Structures are given as structure tokens and as C-alpha cells.
Amino acid sequence: MKRRILAWFTAIILLSSLATPVRTAAANSNRHRVIITFDAPGAVNGTFARNINPDGAIVGSYQDINFAGRGFLRASDGTITEFDPPGSIYTGPEGINPAGVITGFYQDARMAGHGFVRAASGTFTVFDVPGSTGTGPVSINPAGTVAGFYYDVNTISHGFLRAPDGTLTTVDAAGAVFGTVCLSINPAGAVAGFYYDANAVSHGFLRDSNGKFTTFDVPGAGTGPVQGTGLNTVSVNPAGEITGTYVDASNTLHGFLRAAGGAITAFDPAGSVSTIPYSINPAGVITGSYIDASHTFHGFLRAVSGTISPIDLTDSVSTFAYSINPAGVITGSYTDASGTSHGFLAK
């Protein structure tokens, strides 16, 4: 179980670096977009953009000449600042809020995982959930509350919330036996994630700011050990709409949108054999990636109407659209024909 959830620490880099170059993407999928590509100054082995805030500031990681992961912040004017928490040998920024406060994880020389918060001024606060063997912040809201997950000594995952004053609260869904994972927090403090029951089947949840849980499953989701709701990604917007991935009985990945009222809509881009949504903005527009029959990764944008359009860069052999802000600006990464990953901004 720990191995599955550990993918949250490394999926961004692994998916980008392991994508097999198959063909160059069609240019006309971006005919209505302005694309800006970029690399962190110290990047030798890839730049991986992870999240974008309302002002257009982007956080992510890059790999240096030794394949060590380092953090970066790209300001809205294009200026890039590289950073690492003290003692880090691998830095994985995950979230940035409107004030420019960043959260994520880092690994020390003993390969232990810790959480960090980087203030807009550049100062770091590092933290661990008491009793944890690894702490992984994933999301931060405008108030500065951080959501994420950690592992106990039995390698069982638990969700957590970290208040701006540093107070830590453990989050476990009722019925969780093999782990709870918090993946996204909205401005009201509602948290979305998933948990594993006694049969190792995963289920989605929404926890409101008062601690009340609402659990859900996507119709058609499988029930095997590697099946269920929320297995890969979950994002919640200010209205309480949730997007994520579920696996059907044939082990195929599909996207879903859960409306604030609870209605669930499954979706796949045309030609998709695996669909992985990553982010939903306040308007309900969703970005993510999908894999086609030739094993090529494409980004996608799903409009509120349900219309889905691909996102591919002209010199890309794989594209990953990770985050969309309230203005509809998308950030992510793409891999070129040489196998090197670069960041991009799509307006």
C-alpha cells in the first residue's frame, strides 16, 4: 500500500521521464493557445512544472547534472528562483497559494521524507507529523493551511492538516484500514482525498472544514486491490467540485467529475486508453493527461460544457498538463524527442 501512495512523491518526474517517444504531437491541437516553454537555469536532466497560482507563479522541480531534484519558483514575469530546504538532497514542491507560499516535501541524506513550507520571503519552515516515518504535503490553500499525508511505523498512511500556526491534525476516514490520503484543500478548508478499506479497495472522500466526511464511489469502479475511486489524483475547487481517476473492472483508468451536489460524470478524451485528471479550477475546467493506443501521453483540457480538447506541444512526444488557475492558464511539462522534459505555460 505504501508503494502505491509513494507515487505521489515521484509520479510527476517518473511519468515524464519514462514516457516513450512515439511520435511528434500535432500542432493544431494548440491553435487557440499561446505557449511559453521554459527551463530552470540549473536544469540538465529535465524541468517539471507542478502547480500554478492565480497570479501565474509556477512551482516545480528540476533535475541537475547528477539527477538530484531541486525546487524552483517561476514568477509571473518569467524570473526563476531555485531553492532547496536546508539539508535537502531531493526537493519536491507540490503547491503554491495566492500569496506565493509554497509547500512540498524533501528528502534528507538518510532518504527520510519531510514536509516544508516556504514563505513568500524565501524563508523555510520544515516539519514532520509526530510519529511519522515520512511526511508529504501536497496542497496549500489561501489561508496557508496545508493538506497532505504521512506514514506511521506500520507503513500505514494517514491524512493530515497543518494550520498556519503549525498545529497538526491527523485525518482518517471512517472505514479506513490500509490508509487515508489527503490530496487537495480548497479555500473553505474542505479536503478531498481517498482511503483504502479492509479489502484494500479505495474510495473517495470530501471532508468539510468542520471535520464531516462524505465518502463516494464512481459507478463502474472495480473492486479489486488495485481498483476503486481516487487511485491516482484528486483535486477540489472552491465550489466543492472534485475531479480524479477511477479504475474499472478491466483495470482501465478513467476521469471523473463529482459535482458539489454529488452527481458524478465519468469522462475520457477521444482516443484515450487511460485518463488521468490532475486539476480543476473555480469555474470547473479540468486539466490532465491521457494515453492513446500508441502509448503516447497527451495533455487535455475539459471545458465546463464537457468538451475535451488535447494539449500537445509541437516538438513534444509526451505532454502532461498538471495545473490550471482561475484565469484558465495551464502549466505542465512536456518531453522532447531527446527524452528531456521542459516546463510550459499555456494561455
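A quick note: this is a predicted structure, and the numbers were derived from the prediction, not measured.
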Task: From OG (S289) to CG (L253), nearest 0.5 Å - done: 12.0 Å
Open item on the list: If the condition is side chain to side chain contact (heavy atoms under 4.5 Å, CB included), which residues does A57 pass it with, not counting sequence neighbours?
Closed with: N53, L73, I96
- [ ] Please assess N45 against T340 for the test side chain to side chain contact (heavy atoms under 4.5 Å, CB included), listing each intermediate value before the final yes or no.
- [x] CA-CA 6 Å; N45 293 299; T340 302; over 6 Å; no
TODO: Would you check if the side chain of N237 reaches a backbone N or O of A239 as a donor-acceptor pair within less than 3.5 Å?
DONE: yes
Task: Donor-acceptor pair, side chain of T103 and main chain of G95, under 3.5 angstrom - done: no
- [ ] Check for a donor-acceptor pair, side chain of S139 on one end and backbone N or O of I185 on the other, with a separation under 3.5 Å.
- [x] yes
Task: Contacts of type salt bridge (Lys or Arg N to Asp or Glu O under 4.0 Å), residue D55, not counting sequence neighbours - done: none
Task: Plane angle bin for F320 and Y322 - parallel if under 30°, tilted between 30 and 60°, otherwise perpendicular - done: parallel
TODO: Decide yes or no on side chain to side chain contact (heavy atoms under 4.5 Å, CB included) for F72 and V59, but give the supporting numbers first.
DONE: CA-CA 6 Å; F72 75 83; V59 292; over 6 Å; no
Task: For D208, side chain to side chain donor-acceptor pair (under 3.5 Å) partners two or more places apart - done: none
TODO: Determine yes or no for a side-chain-to-main-chain donor-acceptor pair under 3.5 angstrom, with T180 supplying the side chain and A173 the backbone.
DONE: yes
TODO: Measure the CG-OG1 distance between D336 and T37 for me, rounded to the nearest 0.5 Å.
DONE: 10.0 Å
TODO: Could you tell me whether the side chain of T252 reaches within less than 4.5 Å of the side chain of V247, counting heavy atoms only?
DONE: no
TODO: Might you point out which heavy atoms bring G60 and P93 nearest each other, and give the distance in Å?
DONE: O-CG, 3.2 Å
Task: Under 3.5 Å: donor-acceptor pair, side chain of D152, backbone of S132 - done: no
- [ ] Starting from the C-alpha separation in whole Å, work towards a yes-or-no answer on side chain to side chain contact (heavy atoms under 4.5 Å, CB included) for K347 and I36.
- [x] CA-CA 8 Å; K347 297 183 179 180; I36 298 170; 4.2 Å; yes
Open item on the list: Could you work out, with side chain to side chain contact (heavy atoms under 4.5 Å, CB included) as the rule, every residue matching A120, not counting sequence neighbours?
Closed with: none
Open item on the list: Is any side-chain heavy atom of K212 closer than 4.5 Å to one of R207?
Closed with: no
Open item on the list: Nearest 0.5 Å, please: how far is OG1 in T215 from CZ in F194?
Closed with: 14.5 Å
Task: F216/I242 under side chain to side chain contact (heavy atoms under 4.5 Å, CB included): CA gap, chis, key distance, verdict - done: CA-CA 11 Å; F216 63 90; I242 298 171; 4.0 Å; yes
Task: Within-4.5 Å side-chain heavy-atom neighbours: R118 and V126 - done: no
Open item on the list: In this structure, is the centre-to-centre distance between the rings of F38 and H342 below 6.0 Å?
Closed with: no
Task: Least distance between heavy atoms, C182 atom then F160 atom - done: SG-N, 4.1 Å
Task: Given T243, T275, V218, T265, the one that forms side chain to side chain contact (heavy atoms under 4.5 Å, CB included) with F256 - done: V218
Open item on the list: Quick check against the 3.5 Å criterion: does D268 have a side-chain atom that pairs as donor or acceptor with the backbone of S272?
Closed with: no
- [ ] Kindly give the cluster partners of Y290, where membership spreads through any ILVMFWY side chain lying under 4.5 Å from a current member.
- [x] L257, F267, I280, I286, F300, I308
Open item on the list: Is there a continuous path of hydrophobic side-chain contacts, each under 4.5 Å between heavy atoms, that joins F124 to F127?
Closed with: no
Task: Student check: side-chain heavy atoms of V285 and R302 closer than 4.5 Å - done: no
Task: Smallest separation among heavy atoms of P41 and I80, with atom names - done: CD-CG2, 3.6 Å
Open item on the list: Donor-acceptor check, side chain of N186 to backbone of A188, threshold 3.5 angstrom: yes or no?
Closed with: yes
Open item on the list: Applying side chain to side chain donor-acceptor pair (under 3.5 Å), can you list everything that pairs with T81, at least two apart in sequence or on another chain?
Closed with: none
Task: Those residues that, when tested against P164, pass side chain to side chain contact (heavy atoms under 4.5 Å, CB included) (two or more places apart) - done: T145
Task: Charged tip of R70 within 45° of F83 ring normal and under 6.0 Å - done: no
Open item on the list: If I compare all heavy atoms of G343 with all of A49, which pair ends up nearest, and what's the gap?
Closed with: CA-CB, 4.4 Å
TODO: Determine whether L161 and V129 fall in the same hydrophobic cluster, where Ile, Leu, Val, Met, Phe, Trp and Tyr are linked whenever their side-chain heavy atoms lie under 4.5 Å apart.
DONE: no
Open item on the list: List the residues meeting side chain to side chain contact (heavy atoms under 4.5 Å, CB included) with T170, not counting sequence neighbours, and say none if there are none.
Closed with: Y150, H158, D172
- [ ] Measure the spacing between CD1 of I291 and CD1 of I276 and express it to the nearest 0.5 Å.
- [x] 5.0 Å
Task: Short side-chain to backbone donor-acceptor contact, T331 and L345, under 3.5 Å - done: no
Open item on the list: I'd like to know whether T335 forms a side-chain hydrogen bond (donor to acceptor under 3.5 Å, both in side chains) with S341, so could you lay out the CA-CA distance, the side-chain angles of the two residues, the decisive distance to 0.1 Å, and finally the verdict.
Closed with: CA-CA 4 Å; T335 306; S341 294; 3.2 Å; yes
TODO: Write down the atom of I35, the atom of A346, and the distance for their closest heavy-atom approach.
DONE: CD1-CB, 3.6 Å
- [ ] Indicate the atoms forming the closest heavy-atom contact of P277 with G255, along with that distance.
- [x] CG-CA, 3.6 Å
Task: side chain to side chain donor-acceptor pair (under 3.5 Å) involving T47 - partner list, sequence neighbours excluded - done: D39
- [ ] Without swapping roles, check the side chain of S316 against the backbone of Y334 for a donor-acceptor pair under 3.5 Å.
- [x] no
TODO: Report the residues that fulfil side chain to side chain donor-acceptor pair (under 3.5 Å) with S323, sequence neighbours left out, ordered by chain and then residue number.
DONE: N51
- [ ] In sequence, state the C-alpha distance, the side-chain angles, and the governing distance for E241 and R258, and then conclude on salt bridge (charged side-chain N to carboxylate O under 4.0 Å, His left out).
- [x] CA-CA 6 Å; E241 297 173 310; R258 182 183 187 273; over 6 Å; no
Open item on the list: Rounded to the nearest 0.5 Å, what separates atom CD in E82 from atom OG in S61?
Closed with: 11.5 Å
For residues 105-117, tabulate all N or O donor-acceptor pairs below 3.5 Å that involve a side-chain atom, not counting sequence neighbours.
| unit_1 | atom_1 | unit_2 | atom_2 | d |
| --- | --- | --- | --- | --- |
| D108 | OD1 | R110 | N | 2.9 |
| D108 | OD1 | M111 | N | 3.2 |
| D108 | OD1 | A112 | N | 3.0 |
| D108 | OD2 | H114 | NE2 | 2.7 |
| H114 | ND1 | D128 | OD1 | 2.8 |
| H114 | ND1 | D128 | OD2 | 3.0 |

Open item on the list: Just so I know, are the side chains of I264 and D217 near enough to count as touching, which here means a heavy-atom distance under 4.5 Å?
Closed with: no
Open item on the list: Any side-chain to backbone donor/acceptor pair from D197 onto V201? Under 3.5 Å, distance only.
Closed with: yes
Task: ILVMFWY network linking V146 to L183, side-chain heavy atoms under 4.5 angstrom - done: no
TODO: State yes or no: do V177 and I156 share one hydrophobic cluster built from I, L, V, M, F, W and Y residues joined by side-chain heavy-atom distances below 4.5 Å, directly or via other members?
DONE: yes
